[in-house]
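Throughout, protein chains are lettered first and strands after them, A, B, ... in sequence-line order, and every chain is numbered starting at 1. Everything numeric here is computed off the predicted structure, so don't read it as measured data.
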2 protein chains.
Amino acid sequence: MFFVKHYKAGRFSYHASLTYRQEELMVSIKDVARLAGVSIATVSRALAEPDKVRPNTRDKVLAAVKQSGYVTNSLARSFRTNRNHSVVVLVPDITNSFFSNIIQGIEEVARANGYRILLGDMQNDPANARAYGDLCAQRQADGLICLGRTIPFAYNRSRKTLDPKWPPLVMACEYDDRIAIPGVRIDNERAALDGVRYLGEQGHRRIAYINGPQDSPLCRDRLKGYRKGMAELGLRKTSDLLFGGDFSLDSGAQAARALLQLKSLPTAIFAANDAMAIGALQVLKQRGVRVPDDLSLLGFDDIKFAAYCDPPLTTIAQPRRQIGALSMQIMLDILAGRDGSGGSGESRVLPHELVLRESVARV
Amino acid sequence: MFFVKHYKAGRFSYHASLTYRQEELMVSIKDVARLAGVSIATVSRALAEPDKVRPNTRDKVLAAVKQSGYVTNSLARSFRTNRNHSVVVLVPDITNSFFSNIIQGIEEVARANGYRILLGDMQNDPANARAYGDLCAQRQADGLICLGRTIPFAYNRSRKTLDPKWPPLVMACEYDDRIAIPGVRIDNERAALDGVRYLGEQGHRRIAYINGPQDSPLCRDRLKGYRKGMAELGLRKTSDLLFGGDFSLDSGAQAARALLQLKSLPTAIFAANDAMAIGALQVLKQRGVRVPDDLSLLGFDDIKFAAYCDPPLTTIAQPRRQIGALSMQIMLDILAGRDGSGGSGESRVLPHELVLRESVARV
DNA sequence: GCAAAGAATGTAAACGTTTACAGTGTTTTT
DNA sequence: AAAAACACTGTAAACGTTTACATTCTTTGC
């Protein structure tokens, strides 16, 4: 048993009895400095701003780094610079595959810029958001990207701004019009409108709509687009064709069951997302309703499984990866003090796309 | 313009021109101490070990905390204690929904214990693993949970141990028999065997198998189970019934196309995961092969969409959430120096379950 | 060759905690 | 009532960086 100074915790030792001790091997900038015969300031500079140091010295330092196996203690650096180089990504439900590609886009840009992402899974419970907001307050993260509609920070209603004590916030997909926050999304109203128009072109008039969560601005926009489209088709009263859902497979199935009770069936169903469309699809098939022969089905999001349904689902695609990537890019801009769309507090709108597969037919 | 000490970076200010400055509001333990009329040590103790401090004093401190809006700078704490309270979760592909529930299980336990998870998406490229391993070396994370088969650390081949300089590692789902690492998984060989036995009970003899990535130990086990089961059915030569895949929907579809070229079709297909089963299913239906009437289909994993296929997929379920939760629990044990299954370097084996739906029929 | 300017390096302070140890009350024991 | 034991609080050092400022070395212009 050897002597270990009390204030050093045995970090990586699995057993107290093990003699391996990470901290014994731990080499700091001081060691490198000694080895290279320079001051610690020079080492720091050689590593962080190589051109501020003479090539000769730089080489000495680099050699010492290599020899000693030094690796920067980023904890110390973060502490000193007050920058963590990590960003919380707040996801309503990690299980929802729709978010995967967005996260991937974020992650990619983050990694390319030396940032990491802290995953915040709300498990669909807004109460969980607060905990992740607090992470930022504790400097655990430099900023937060919000994929859902729940903003974990208090905001100043009258000024439509975040309280200045909160870190940068970027919203992806969703937005909140009570407050000016930079974000990235598609034009959901227009997208839904395009969907209805397409169904209209195929001769559909009675088009049912399976809505998402009512409190989601994004859903309100899609609903608005649906109504607008229906109005264009000359149908102002749509209340009997409207079904509630919550984006889950189950809720889509449930909506389909309710829908099949209608005295006069619609000729098409437009679901506010693919999961609900697929849920509905299953019920329809179970009840012997053929898609698209008896009933057409239009989804939203183009998740991976949409192409593997039977029939493959016609749907409206969002550029998910780009949404994620751009969100992170904006976050980086804000953090660097560059004014991306950051300062403006406006959403960047990316194009959507109608993906034609086989779940919609002419009437 | 007010005076700002040079060494304080304007952290949260979106514009240089803005007067909001987070650091102006920044209150440290020192401020709380002054406000409460005690030393900073007492504040620290009142917060960390409340029972080590007189109730009277504690109240004073707590009041001061509240009044000042103090929140501990976890960056400073992490630096001081050399503990980050975060764990990297290395995922082969975040887009693969199979991993979602595992991550969720991990996340849940982590959060309940004051830990956060750093998401590491390998995007199916092992080269990306290294970067996340390095995070640990830099003290960015206290440990790493590996959901795939790629271990981002060098290990000592002869001693079957990790190099002691690496932080704790736990493997979920996969394992690596070249090295002793704690982990959580199911008995994949037995599970596959059970699958084949079930198909045998239904009268199937010619059972095709769509394999996963060859270099995955988990897949090797499943394959072994399949072979064992086939041997039990009296079929030793299975090479013509074996098809390669990589866990993706596409590879399942491709395998099905190859399979349909066989002179004598099998009566059942067993896929090493649900995604491939669903990919295969689509091809079968396109070619007019009815499932399960003409051909039975058995999957593996029980992902969410398995229940929403047509027909709903019979499959073998893994307790994904528990696998994740237990992995994190083991990690916590190791980090706390408690000897969970941590020290042993053995895998905990959780039970699997056959989920009967409608994709398998009697011959 | 010398002064001035500029570049490279060193010195030392600071970031906000935690914690060993010392010191100061407070209670218990004798 | 004094001594001993104990509980609480304060002092100060330490963690490993970054960086303003001071100092030294090198180059440039004359």
For this session: Whole angstrom is fine here: how far is it from NZ in A:K60 over to C1' in C:dG10?
Result: 13 Å
Exercise. How close or far is atom C1' of D:dG16 from atom CG of A:L47, stated in whole angstroms?
Worked result: 13 Å
Restricting to nitrogen or oxygen on both sides, can you table the protein-nucleotides 23-28 of chain C pairs closer than 3.5 Å?
none

Exercise. DNA chain C: B:E49 or B:A76, which has the more 5' nearest nucleotide?
Worked result: B:A76
Exercise. By a strict heavy-atom criterion of less than 4.0 Å, which residues belonging to residues 32-46 of chain B are in contact with DNA chain D?
Worked result: B:V38, B:S39, B:A41, B:T42, B:R45
For this session: Look only at the side chain of B:D31 and the backbone of B:S28, and say whether a donor-acceptor pair between them is shorter than 3.5 Å.
Result: yes
For this session: Round to the nearest Å and state the distance from B:D51 atom CG to D:dA7 atom P.
Result: 12 Å
For this session: Rounded off to whole Å, could you give me the CZ-to-C1' distance for the B:R77 and D:dA14 pair?
Result: 17 Å
Exercise. Which residues pass the side chain to side chain contact (heavy atoms under 4.5 Å, CB included) test with B:T150, sequence neighbours left out?
Worked result: B:M122, B:P126, B:A129
Exercise. A:S86 side chain to A:L118 main-chain N or O, any donor-acceptor pair under 3.5 Å?
Worked result: no
Exercise. Considering residues at least two apart in sequence or located in another chain, which fulfil the side chain to side chain donor-acceptor pair (under 3.5 Å) criterion with A:S327?
Worked result: none
For this session: Write out all pairs satisfying side chain to side chain donor-acceptor pair (under 3.5 Å) with one or both partners inside residues 40-55 of chain B, taking only residues at least two apart or from two chains.
Result: B:S39-B:T42
For this session: Please report, rounded to the nearest Å, how far the C1' atom of C:dC15 is from the CG atom of B:L75.
Result: 10 Å
Exercise. In whole angstrom, what separates A:K30's NZ from C:dA13's C1'?
Worked result: 14 Å
Problem set entry | Aromatic ring pairing A:W166/A:F153, orientation class (parallel under 30°, perpendicular over 60°, tilted between) | parallel
Exercise. 5'-most contact on DNA chain D: B:F79 or B:K52, nearest heavy atom basis?
Worked result: B:K52
For this session: Give me the ring orientation class for B:Y115 and B:H85: parallel if the planes are under 30° apart, tilted from 30 to 60°, perpendicular past 60°.
Result: tilted
Problem set entry | For B:R149 against B:M171, the heavy-atom pair lying closest together | CA-CE, 4.3 Å
Seminar exercise, completed: Residues at least two apart in sequence or cross-chain that pass side chain to side chain donor-acceptor pair (under 3.5 Å) with A:S74, listed by chain then number, are B:Q140
For this session: Would you mind telling me which residue lines up with the more 5' stretch of DNA chain D, B:N56 or A:T72, judged by nearest nucleotide?
Result: B:N56
Exercise. Starting at NE2 of B:H85 and ending at P of C:dT17, how long is that distance when rounded to a whole Å?
Worked result: 15 Å
